[in-house]
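Here the structure is a predicted model, which is why all the values come from computation and not from measurement. Every chain is numbered from 1 and lettered A, B, ... according to where its sequence line falls, protein lines coming before strand lines. Basis for what follows: all heavy atoms, side chains included, without hydrogens, waters or symmetry-related copies.
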Protein chains: 2
Amino acid sequence: MARRNEQLIVSTLTDLGGFRSAQELHQHLRAAGRAVGLATVYRVLADLERDGGVETSTRQGETLYCACRTGHHHHLVCVMCGTSRDLEVDEIERWVAAVAAESGFRAVSHTIEVRGVCASCPAPSR
Amino acid sequence: MARRNEQLIVSTLTDLGGFRSAQELHQHLRAAGRAVGLATVYRVLADLERDGGVETSTRQGETLYCACRTGHHHHLVCVMCGTSRDLEVDEIERWVAAVAAESGFRAVSHTIEVRGVCASCPAPSR
DNA sequence: ATTCTTGCAAACTATTTGCAGAACA
DNA sequence: TGTTCTGCAAATAGTTTGCAAGAAT
């Protein structure tokens, strides 16, 4: 099951930190001299997503992946550099559970993402 | 500035309710006998998004649009039929503001989406 | 007549897939 | 040797754009 390049890809994603696109990962791997194909990057990421090894997000039509092994949580993401910091907030989880119960919805899941410009990035040019 | 078909497209989106893709809107318009082009649908939606006339979300690679004029809020979306109900929760807004302040991030925005299967849809087949 | 908008088709971008060969057991 | 994994290139799917023609003023 474990693809041959899984390790390599996961560690690259971990090293980069935060949310990265498949294309971005591919470029970094290439730059590092590891000639992995873009298709393989996508294949590994798909496996990881299915198995819960990465969290995904979306930015303007492209899927972003983040190496997370800390279970369910949310992120504060820098839109400039992609860095992310984890947010774990029971308060929010409780609120979601309450909303779900009250609404009659089943199989409820949620996405929470806070985006901004981190302290070490220049202000967005706009 | 207002595109000729803006009204038509907005009302279709409003009638359908919830989050819909550009393609979905286009099909409905066609079915209703209004021969608007897909490109126009995208163009109008892009304008609306820029001007805050619609909220956007993403599902598996495609962008979804929802007609909203109620200012900032979040949604509880049915993954089966696309229906959405508004959630307005000061609790969450306060939390986001606090996180932003404490983190040193600037220009902070956030996305919160709660997904599930609504009471009138069959359970997801999985 | 001039300006703005539209539809079509071609162009793009991100992602997926078919397939022959390489890597591994 | 048989199976799995990979890279490449071709195929997809959603979205954007160039452009000539149509609608509005």
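Put simply, CD on B/E62 is 18 Å from P on D/dT12, counting in whole angstrom units. In this structure, B/L8 places its CG atom 10 Å from P of C/dG7, rounding to the nearest Å. Atom CD in A/Q27 sits about 13 Å away from atom C1' in C/dA14, given to the nearest Å. What separates CG of B/L38 from P of D/dT15 is a distance of 8 Å, to the nearest Å. Between the NE2 atom of B/H26 and the P atom of D/dT16 there is a distance of 15 Å, rounded to whole Å. Following rounding to the nearest Å, A/R34 (CZ) and D/dG7 (C1') show an atom-to-atom distance of 15 Å. To the nearest angstrom, C1' of C/dA14 lies 14 Å from CG of A/L25. Rounding to whole angstrom units, CZ of residue A/R20 and P of C/dT15 are separated by 15 Å.
Inter-residue side-chain proximity for B/V117 and A/F105 is flagged as unmet; no heavy-atom pair is nearer than 4.5 Å.
At D/dA24, none of the side-chain N or O atoms of B/R4 fall inside 4.0 Å of OP1 or OP2 (strictly under the cut-off). Considering only side-chain N and O atoms, B/S21 lies nowhere under 4.0 angstrom from the phosphate OP1 or OP2 of D/dG14. Close to D/dT6, at under 4.0 Å from its OP1 or OP2, lies a side-chain N or O of A/N5.
Side-chain proximity of B/A39 to C/dC19, D/dC5, C/dC8: nearest is C/dC8. Checking D/dT16, C/dT15, C/dG7 against the side-chain heavy atoms of B/Y42 singles out D/dT16 as nearest. Here D/dG7 is the nucleotide among D/dC8, D/dG7, C/dT15 with the atom lying nearest to any side-chain atom of A/T40. For B/R43, the side-chain atoms get nearest to D/dC19 when compared with the rest of D/dG22, C/dT15, D/dC19.
When the shell of 6.0 Å around CZ of B/R34 is examined, it contains 12 or fewer heavy atoms from other residues, nucleotides or ligands. Annotation for B/E49: atom CD counts as buried by contact number, over 12 foreign heavy atoms lying within 6.0 Å.
Salt bridge absent: B/E6 and B/R4 never bring a charged side-chain N and a carboxylate O closer than 4.0 Å.
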Output, in order, the C-alpha distance, side-chain angles, deciding distance and verdict of side-chain contact (heavy atoms from CB on, under 4.5 Å) for B/I112 and B/H110. CA-CA 7 Å; B/I112 297 180; B/H110 62 284; 4.0 Å; yes
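Among the atoms of the strands shown, only primed sugar atoms or phosphate atoms (P, OP1, OP2) are found under 4.0 Å from some heavy atom of A/A35.
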